[in-house]
Number of protein chains: 2
Amino acid sequence: MKSPSYHHGNLRAVLLDLAEQRLAAQGHENLSLRDLALAAKVAASAPYRHFSSREALLCELAQRGFERLGAAYAAAGVAPDPQSRLRAACRAYFDFAAREPQMFRLMFMTDLVMRANKTQNLRIGIDSFETLEGLLRATMPGATPLAVRSRMLVLWSLLHGAAVLLQEGQVDHLLLPGLGLADVLEDILARASGS
Amino acid sequence: MKSPSYHHGNLRAVLLDLAEQRLAAQGHENLSLRDLALAAKVAASAPYRHFSSREALLCELAQRGFERLGAAYAAAGVAPDPQSRLRAACRAYFDFAAREPQMFRLMFMTDLVMRANKTQNLRIGIDSFETLEGLLRATMPGATPLAVRSRMLVLWSLLHGAAVLLQEGQVDHLLLPGLGLADVLEDILARASGS
DNA sequence: ACCTGAACACCGTTCAAGT
DNA sequence: ACCTGAACACCGTTCAAGT
């Protein structure tokens with residue numbers, strides 16, 4: 001309760017919190033500013049004092065997501081050796097996609113990121129890439145930057161592809177007796193972080 | 001010109017063609033039925049004689065995409081040995097994502113596919129998976145179905161992840177002097193279709 | 001500075017009515 | 001059978017006006 005305006009307090013934060021609920025519940029495509037305003041008991045035009053557009057609000061939401069993903073990476077950094085730190089980070093990526101599927105989708109809505117990049121916004125997405133690359137580099141002592149980058153692009157593709165497919169539930173009907181979700185995950189983790 | 005109705009002909013096909021243009025130009029999120037109707041010089045409600053909803057039209061559009069992808073796979077089938085047939089199919093997947101990015105995005109809008117699956121629609125997406133798995137199996141003579149499926153899920157993740165990242169233009173700023181787009185592509189193709 | 005109210009230009013969808 | 005016209009319930013966004 002910092003500077004409660006005459007109506008009901010810090011509308012900005014309230015809107016962002018509401019937006020995050022709506023996002024998790026229904027996905028970014030069904031998030032409406034008017035609905036947010038209604039829920040916050042405020043006029044339909046009030047959000048425009050705090051966000052220049054619906055898209056701007058979505059960008060800030062995505063930023064929250066990248067921050068949480070960054071935190072998950074940081075938590076993965078406590079593993080003992082480089083190899084398992086990388087593996088833990090990859091697992092964190094999967095977990096994130098599984099636990100917050102709608103946020104994950106929002107974060108990789110690239111048209112949004114592109115437009116936001118111009119306004120200096122979501123370079124946190126790039127940080128996320130660099131963090132992972134740092135962890136990978138630590139497992140490749142003596143490798144040239146080019147070799148690291150090359151392998152990073154493979155890792156990133158594999159990781160992202162698997163996360164997308166898992167999060168979308170496309171993998172479920174492809175499992176076999178003797179090939180469970182855990183097996184698939186371990187296999188992909190091994191190929192992503194392994195030799 | 002099959003059964004030209006009293007107004008101007010087969011509205012259904014006209015709408016689908018217009019929709020495909022709009023899709024390529026602006027993406028599925030900016031495709032409006034009303035706009036389509038306007039462009040076809042027809043009332044806003046007319047499309048509903050041919051499509052039960054906007055989503056139904058989008059589904060049919062996605063189906064066209066899967067058919068084209070299937071044709072591209074078929075063309076890849078002419079390569080001499082199993083190994084290069086698989087590789088050609090993977091390349092076809094990348095090419096498709098690059099040449100028709102908006103269609104590619106539409107095809108993997110999974111909420112759509114899920115809802116459509118209930119109405120027996122897009123099992124063509126599954127066919128696409130199975131085609132690729134068939135090509136992979138041919139490169140693994142004597143392998144158990146489980147081993148094939150397991151490797152297929154890795155291949156599919158890598159392929160899909162790379163296609164998504166390429167199509168979104170996220171790879172461009174990650175290239176280095178001496179590491180061009182072609183190199184990245186070849187590397188990923190080798191890992192996807194190779195041993 | 002922050003919010004309201006009314007308005008503008010859009011949507012998807014429905015439904016009675018026309019031909 | 002196929003289309004129109006008008007309507008309903010929504011949108012994002014703008015802008016003058018209030019406090």
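A, B, ... follow the sequence lines: proteins, then strands. Residue 1 opens every chain.
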Handout entry: Flag if over 12 foreign heavy atoms under 6.0 Å of CZ, A/R99
Key = no
Handout entry: Nearest to side-chain heavy atoms of B/S45, which nucleotide of C/dC2, D/dC2, D/dA6
Key = D/dA6
Exercise for the section: To the nearest Å, give me how far apart CG (B/N10) and C1' (D/dC3) are. Expected result: 15 Å
Completion exercise
Residue set satisfying salt bridge (charged side-chain N to carboxylate O under 4.0 Å, His left out) with A/R22, at least two apart, ordered chain then number -> A/D35
Handout entry: Nearest-Å distance for atom pair OH/P, residues A/Y48 and C/dC2
Key = 18 Å
Problem - Euclidean distance, atom CG of residue A/L36 to atom C1' of D/dC11 [Å, nearest integer] - result: 13 Å
Handout entry: Spacing of B/R49 atom CZ relative to D/dG5 atom P, expressed in whole Å
Key = 15 Å
Exercise for the section: Look at the side-chain N and O atoms of B/H50 and state whether any lies under 4.0 Å from the OP1 or OP2 oxygen of D/dC3. Expected result: yes
Exercise for the section: Evaluate the side-chain proximity of A/F51 to A/R12: yes if any heavy-atom separation is below 4.5 Å, no if none is. Expected result: yes
Exercise for the section: Could you check which residues of residues 15-34 of chain B get a heavy atom under 4.0 Å from DNA chain C? Sort them by number, please. Expected result: B/L31, B/S32, B/L33, B/R34
Fill in the blank from the handout: Base-pair string, DNA chain D, Watson-Crick plus G-U, cut-off 3.5 Å on both distances, | for inter-strand, is ||.|||||...|||||.||
Practice task
Could you tell me whether A/R105 and A/E29 make a salt bridge, using a distance below 4.0 angstrom between a side-chain N and a carboxylate O?
Solution key: yes
Problem - Donor + acceptor pair across side chains of B/S150, A/D187 (<3.5 Å) - result: yes
Practice task
May I ask you to test the A/M103-A/R68 pair for a side-chain heavy-atom distance under 4.5 Å?
Solution key: yes
Exercise for the section: Could you please name the option among C/dT13, D/dC3, C/dC11 that lies closest to any side-chain atom of B/V42? Expected result: D/dC3
Handout entry: Nearest-Å distance for atom pair CZ/P, residues B/F51 and D/dC2
Key = 13 Å
Practice task
Rounded off to whole Å, could you give me the CG-to-P distance for the A/D35 and D/dA9 pair?
Solution key: 17 Å
Fill in the blank from the handout: To the nearest angstrom, the CZ-P distance between B/R54 and D/dC11 comes to 15 Å
Problem - Min side-chain heavy-atom separation A/F108-A/V164 under 4.5 Å - result: no
Practice task
Anything under 30° is parallel, anything over 60° is perpendicular, the rest tilted; go ahead and classify A/Y93 against A/Y73.
Solution key: parallel
Handout entry: Atom pair distance, as rounded to whole Å: CZ in B/R12 and C1' in D/dA1
Key = 15 Å
Completion exercise
Interatomic distance, CG@B/L159 vs CG@B/L189, rounded to 0.5 Å, equals 8.0 Å
